[in-house]
Amino acid sequence: MDDGAAVAVGVGRGAVAVAALLSSLLVALPLRCAGQTNLKSPQDIQVYVVNTNFTLRWNYTGSDTNVTFSAEYRWFEDFVTNETEWKELPGCQNVTHTECDFSSAITKYYDTHHVRIRAERREEVSPWSSTFEMNPYLIARIGPPGVELQSTNGVIKIKISPPEANQVRKMWIAHLRFKYNLVIWENSSNAEFRSQSIFPTDTIDDLAPDTTYCLKVQATLPLDLQEGLFSPIHCVKTTHKVNDLLCATDVSVLALDMKFHLHWNNRYKQLVSYNVQYLIGYLKKLHDDYSMKWLSVPGCENITDTQCNFSSIISTTSGIYYLRVQAMSEYNKSCLSNEVKVDPLITNEIGPPGVKVDISDVLLHIQISPPGGSEGEVMRDRYDLSYRILYWKNSSNNEEEIKMKEIKQTIGTISDLTPLTLYCVKVQAFSEVYNKSSHYSKEECIKTPGDKILHLVILATFVTALIAVFLVATPLGFALYQAYNKIKYVFFPSCQPPLNIEGFGGQLLSSPYLSTTEEPIENCSIIETIITEEINQTDFKDYIHSKQSSRDSGNYSNDDTSGSKVSEETLEKEVV
């Protein structure tokens, strides 16, 4: 074979080899383009937010090496306009670990965001993971607050700075809403943990001297049900407290029916005066220094007494007040007492109500005066008072049951009363909202009237008896009246007998029942229509003669003579 043929054969073999290599590359390339890869997608996508710090974390179960990860995100506005528009997530591109910080990418804390991630190895990529949806504000946790401590005079003064205090971008813009929880314990092997709420600037007392205490602080948002992370642990050693006799001790508050009094004790033997100071509670919620914002209670300045009425400063029942006593000696030395907290509606106690009772035929009426009297609107409105009425029969029977009735109104009634019975009543005011109750009022007693039916029976008996008496007395009275008239007519006639029968028979004038003394009589006349004809003229003349003789004797000297003559003539005519 000549050289030309050899060259041709060599060229042919090389072409075949190149063709085989290109063929293999062409076969492998469509597989990659079609998405066929051995890389797995990341799983368990989570986003952790503390304040404005965002961390993306995930798991990867593949065994591949040299794998990196990249993430994309979109937020709500973009999702509405174009749901396929994803953006690279800054801080989470080509990372080699299973977490990344993308705090610089999120600026809209109240919008909904979507996040996804995939694995990459050179030109090879995995499918995207499932989409993680988040609202930063809803999943964010409150970061730890700043803490500063100072140990002095047996107490620990603490100053707290809010989370994000030194950050420009803030998740929690209303830092006044923060409340702080303190956990403190002795730095010993058998430590007991104590929790309490504190203000940004506060004092921790009731501590043992020369003892190391450790503490940590947590910020919370109670209205949002969010609790933050605790601060790093801080430890400090307490000192001895100086026992200054000038300071007022045992400062306490006594409050009844919204009348507030502050009391304290004096241990100083020399002349001392007091100045009572108060601080409006919301000032302690601020992170500013409030030491210069204490005010004096009017009427409680430079006093020597150990009590003070500070009701005048309670202008609202919804706020909290703090009071303290400043003692001043004659040498211009002063000392401040411990502070006492006054939450008006919590500190105040409810006094007994006033009670008046009245009674009708069948009801016992109870009129209640709310605690605090006519000026107790706060007591009625804020406490939403109810009243518990106890009533019982006040008798010698000790087994009488005490009955109870609860009402909301200030007027109550009790029925089913026993007549002619002494009932006693006392009332207690209580508030279910504040779980407070007063002492019972003084007992008020009243006696019920008699039975109404008994009254009707008595009345009916009286009327019946009255009618019976009337029915019996009327005939009896009529009979007595008739008898009286008969007796009077017989024994005491009202006129003289007629002349024609006067002295008739010689016996009428000699009656022992008639008075012998002649009294003036009325002029009467009797006309007789029937005269016995047997009367003869002689007898009549004898009668006239005797009549004339008696007149001459002077017994009828006052009678009219002419009248007598007329009577005689008349009689004579009638006889004829």
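The basis for the numbers below is simple: all heavy atoms, side chains too, and nothing from hydrogens, waters or symmetry mates.
The cationic group of Lys216 lies under 6.0 Å from the six-membered ring centre of Phe230 and within 45° of the ring axis, placing it in a cation-pi geometry. Relative to the ring axis of Tyr48, Arg57 places its NZ or CZ within 45° and under 6.0 Å from the centre.
In this structure, a donor-acceptor pair under 3.5 Å is absent between the side chains of Thr306 and Asn266.
Scanning for salt bridge (charged side-chain N to carboxylate O under 4.0 Å, His left out) contacts around Arg382 gives an empty result, with sequence neighbours left out. Checked against side chain to side chain donor-acceptor pair (under 3.5 Å), Tyr282 has no partners two or more places apart in sequence or in another chain.
Among pairs with a residue in residues 427-437, those fulfilling salt bridge (charged side-chain N to carboxylate O under 4.0 Å, His left out) read Glu349-Lys436, at least two apart in sequence or across chains. Residue pairs meeting the salt bridge (charged side-chain N to carboxylate O under 4.0 Å, His left out) criterion with at least one member in residues 282-303, sequence neighbours excluded, are Lys284-Glu339. For the ring pair (Phe, Tyr, Trp, His ring centres under 6.0 Å) condition, the pairs that include at least one residue of residues 235-264, sequence neighbours left out, are Phe260-Phe310, Trp264-Tyr274.
Under the 6.0 Å cut-off for aromatic ring centres, Tyr137 and Trp172 qualify, their centroids lying closer than that.
The aromatic rings of Tyr383 and Tyr434 lie perpendicular to each other, with more than 60° between the two planes, well past the 30° mark.
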Which donor-acceptor pairs under 3.5 Å do side chains of residues 149-162 form with protein atoms, sequence neighbours excluded?
| unit_1 | atom_1 | unit_2 | atom_2 | d |
| --- | --- | --- | --- | --- |
| Ser151 | OG | Lys237 | O | 2.8 |
| Asn153 | OD1 | Val242 | N | 2.8 |
| Ser161 | OG | Gly146 | N | 3.4 |

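Across Phe430 and Ser437, no two heavy atoms sit closer than the pair CB-CB, 3.7 Å.
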Next item on the list: Could you walk me through whether Lys333 and Asp244 pass salt bridge (charged side-chain N to carboxylate O under 4.0 Å, His left out), step by step?
Entry: CA-CA 11 Å; Lys333 180 183 177 182; Asp244 193 345; 3.7 Å; yes

